[in-house]
Amino acid sequence: MPKNPKEQPPEKLTGIRLKEVPKTSAGLKAIASALSHIKDEVGIKKGVQLLSKLNQKDGFDCPGCAWPDPDDKRAFLAEYCENGAKAVAEEATKNKVSPLFFATHSVQELSELSDYEIGKSGRITHPMYLPEGATHYQEISWNDAFTIIGNELNRLNSPDEAIFYTSGRTSNEAAFLYQLFVRQFGTNNLPDCSNMCHESSGAALSETLGIGKGSVTLDDFNHADLVIVIGQNPGTNHPRMLSALTENKKRGGKIITINPLPEVGLINFKDPQNPLKWIGKGQNLTDIFLQVKINGDVALLKIILKLMKEKEEAEPNSVFNHQFIKNKTAGIKDLLKDLENYSIDDLLPQTGLPLEKIKEAAQLIINTENIIFCWAMGLTQHKNAVDNIREIVNILLLKGSVGKKGAGTCPVRGHSNVQGDRTMGIWEKPKDSFLDSLEKEFSFKAPRKHGLDVVDVIKAMYQKKAKVFVGMGGNFISATPDTSFTAKALRNCNLTVQISTKLNRSHLITGKKALILPCLGRTEKDFQSSIEQFVSVENSMGVVHQSKGTLQPCSKHLLSEPAIVAGIANATLKKSLTNWTELVSNYDLIRDKIEATIIGFKDYNKKIRRKGGFYLPNNARDNNFTPTHTGKANFSLNKPSEIELENHQFLMMTIRTHDQYNTTIYGLNDRYRGILNERRVILMNKNDMKSLGLKKLDLVDLTSHFNNEKRVAKGFLAIPYNIPKQCTATYFPESNVLVPIESTANISNTPASKTVIITIQKR
Ligand SMILES: Nc1nc2c(c(=O)[nH]1)N[C@H]1C(S)=C(S)[C@@H](COP(=O)(O)OP(=O)(O)OC[C@H]3O[C@@H](n4cnc5c(=O)[nH]c(N)nc54)[C@H](O)[C@@H]3O)O[C@H]1N2
Ligand SMILES: Nc1nc2c(c(=O)[nH]1)N[C@H]1C(S)=C(S)[C@@H](COP(=O)(O)OP(=O)(O)OC[C@H]3O[C@@H](n4cnc5c(=O)[nH]c(N)nc54)[C@H](O)[C@@H]3O)O[C@H]1N2
Ligand SMILES: [Mo]
């Protein structure tokens, strides 16, 4: 292995420009930005052809977010958004990373580049191997690559010494085969990006409503009277959601936004799909904006619960849905008693809000029957993240606002098939019933011991208890917390394998030996045995549908993800009774196996050929909560944040810019926040800056504090921003060095990457 590849690029500032925060999102600027990325990466002609197939019923699923497509009509121009266009441009790029590229650049040299520069190198064209002690990757045949993996896996003392990570772009077909291979090999070590993402939502919703997924459909937005968007920035991360919110508003629906930042898209939005609206003022979406402090959400929701309770006691039957509570729920008495333990005066400082403002929001909730709560990482990445989400459920249950039209839970998923991967069994804690049906269908003994999640696999590699790492997509080193710790962990491995489309830092921070296996992307045609295949994915609302690429693959040496899994399985499993080669010769055969083992997939091959796909069963949507441990929807008792900042300390949230897809950096601009050409910035309250003696664009170093441990990230520019006192924001992944590996959410073990305690030192 090369001596000391950098886990972080050297601090290199790129020449920042600050602008006014724009008053509206999307509109003509979004179209211009989308087209400019398409032009630079793909070329205009091919690019426009591509966009015309994006999210159409006969096209491919957008590799961007998991927001659903309309069941009936799809937009005239195409069902895409600026950031969807960027995601497509990034995958369909003209730039190639060939064996010559690797011969001329050492791993050491590449690791000096920023994530942005690494990503822009392009698509990987050949399988590549980094032998022990080598400085450069070398071309390798697929067969030899599979043999190396098989040999290393079979050399382990136990299958539990191997780790099989999945990012959320992998199709249902590939994910199903992958988990089947891993379980036949003998382990449940199947961590995935969900562990860092919506794991807290899954944990909270399973316990309270009996299903780890959200309950609403896209059509529910046409019937909701109130949508509450909390801890989410849809203008950047789920832009098509704003169209649903716009429709809702047109019908007279109201919107409450709860966020430490006044995120532009939620405040004012011009629908880029509607040319008549490109010019003009745009739609003001938010009715009530609660600029909560970071991690002040439980305190805020508890105040709302207390106000609801007060009103109900003063005027019985004016707030609660008693019939729903009596028939469908358990635990109301305990909840109402527990609320007595908190006083509004004590809770208020955590929210940073005036009580009047909270009362206004509570009144709207009290007066409304059909409520949808939408949320994302602003709620899931805290120590008390599961409490955040259970507290939301408490409000919905008191109102009887789940399991009926226009109401319910909407955890807005990230990766475009992260939900489908879970449905296919990518989970370190599989249910016995799932393993039972796998065993029956495939005649093998599945491991029953639960496997390790993302944080625990990092610790296992660090302690040399795990020795082979395989990544099905994703960028493990950059996405995970505590970058230096995780780098050491990965370097301890005998072998690291990355199945990837594009070059990323995880190809450069490796085990003693490393392999890069390049695969087809969503946008590309997939032929097996001379027949064109399609795959399927599940969106954020449980709709399973087809995705079929339209481009020629960027290199003829690529394999599909299912074919790569079959290659690894054939090279590893000596006694498997599964015919892996046959299964990947026709993906219908994989879908038959999915139908035979997973509930909800009856007539899979038939239904997946219906335009628009089909809905999976969802008990909460059907007003049925029997799968919970009480057989009813459960109220829960939740705790506000226990973080107490010292005077000079700040809370830091690590967030996405408008110009990135997780660790893939499209560009250096955060247009919606008015910050251009620089990512090493920290957004601060202007009074906090004053008290630290900081001026705009002063250079600072950041130190995080956890259990007497310190972690340092150097060279950030301070920017005065509209953010509550003692709250700050930096961009992920640059600040992941500061997120302690031990700082995770209770129950879900999700890294608390939105509540990092820091101090700020002026240079
Ligand atoms: N273009 C683009 N699209 C994406 C992605 C991308 O990187 N780029 N990533 C995809 C993925 S995997 C995911 S999971 C989603 C992520 O989607 P988001 O969750 O919207 O992404 P983040 O940037 O992490 O934003 C978190 C939001 O929560 C707010 N927030 C932070 N802390 C708190 C808090 O304590 N309380 C409250 N109320 N709010 C808080 C922040 O101000 C910010 O607005 O997007 C998906 N879609
Ligand atoms: N500090 C901090 N850390 C975070 C977060 C945060 O908000 N703050 N967010 C967390 C969240 S929500 C998530 S989901 C994770 C994301 O973690 P990951 O999913 O691991 O990271 P990505 O950046 O989405 O992965 C990008 C890489 O995937 C590969 N890729 C792209 N498309 C395909 C494909 O079709 N097939 C295959 N095989 N590979 C493909 C490319 O090589 C690309 O470089 O990060 C988490 N980390
Ligand atoms: Mo995510």
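For this chain, numbers begin at 1 and follow the sequence in order. Counting convention: from 1, in listed order, for ligands and their atoms alike.
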Any N or O of Glu91 closer than 3.5 Å to N or O of ligand 2: no
Residues forming a side chain to side chain donor-acceptor pair (under 3.5 Å) with Asp456, sequence neighbours excluded: none
Please check if the distance between the ring centroids of Tyr661 and His415 is under 6.0 Å. yes
Residues in salt bridge (charged side-chain N to carboxylate O under 4.0 Å, His left out) with Arg671, at least two apart? Glu82
Does only the side chain of Asn736 get under 4.0 Å from ligand 2, or the backbone, or both, or neither? Count heavy atoms. side chain
Spacing of Arg169 atom CZ and Ser547 atom OG [to the nearest 0.5 Å]: 11.5 Å
Near Gly473 (heavy-atom distance under 4.0 Å), the atoms of ligand 2 are 37 (C), 38 (N), 39 (N)
Number the atoms of ligand 2 from 1 as they appear, then name those within less than 4.0 Å of a heavy atom of Cys519, with their elements. 36 (N), 37 (C), 38 (N)
Who pairs with Glu199 by salt bridge (charged side-chain N to carboxylate O under 4.0 Å, His left out), at least two apart in sequence or on another chain? Arg422
Which atoms of ligand 2 have any heavy atom of Asn504 under 4.0 Å away? 27 (C), 42 (O), 43 (C), 44 (O)
Nearest-0.5 Å distance that lies between atom CG in Asp115 and atom CD1 in Ile118: 5.5 Å
Between Glu561 and ligand 2, does any nitrogen or oxygen pair lie at a separation below 3.5 Å? yes
Output yes when the distance from some N or O of ligand 2 to some N or O of Leu520 is under 3.5 Å, and no in every other case. no
Where does Arg522 meet ligand 2, judged by heavy-atom distances below 4.0 Å: at the side chain, the backbone, both, or neither? neither
Using the side chain to side chain contact (heavy atoms under 4.5 Å, CB included) rule, pick out the option among Thr170, Val454, Thr166 that qualifies with Asp192. Thr166
Need the ligand 2 atom indices (1-based, order shown) with element for anything under 4.0 Å from a heavy-atom of Tyr165. 17 (O), 18 (P), 19 (O), 20 (O)
Are there over 12 heavy-atom neighbours, none belonging to Lys525, within less than 6.0 Å of that residue's NZ? yes
What residue among Thr750, Thr755, Asn746, Asn295 forms side-chain hydrogen bond (donor to acceptor under 3.5 Å, both in side chains) with Lys383? Asn746
In ligand 2, the atoms that come under 4.0 Å of a heavy atom of Ser500 are 39 (N), 42 (O)
Report yes or no: do Thr744 and Asn749 form a side-chain donor-acceptor pair below 3.5 Å? yes
Can you tell me how far the CZ atom of Phe650 sits from the CD1 atom of Ile758, to the nearest 0.5 Å? 7.5 Å
Under 3.5 Å between some N or O of ligand 2 and some N or O of Phe476? no
Near ligand 1 (heavy atom, under 4.0 angstrom), the protein residues are Cys65, Asn83, Cys197, Ile230, Gly231, Gln232, Asn233, Thr236, Asn237, His238, Ile258, Asn259, Pro260, Leu261, Glu263, Val292, Ile294, Asn295, Asp297, Ala376, Met377, Gly378, His382, Gly414, His415, Met653, Ile655, Arg656, Gln660, Tyr661, Asn662, Lys754
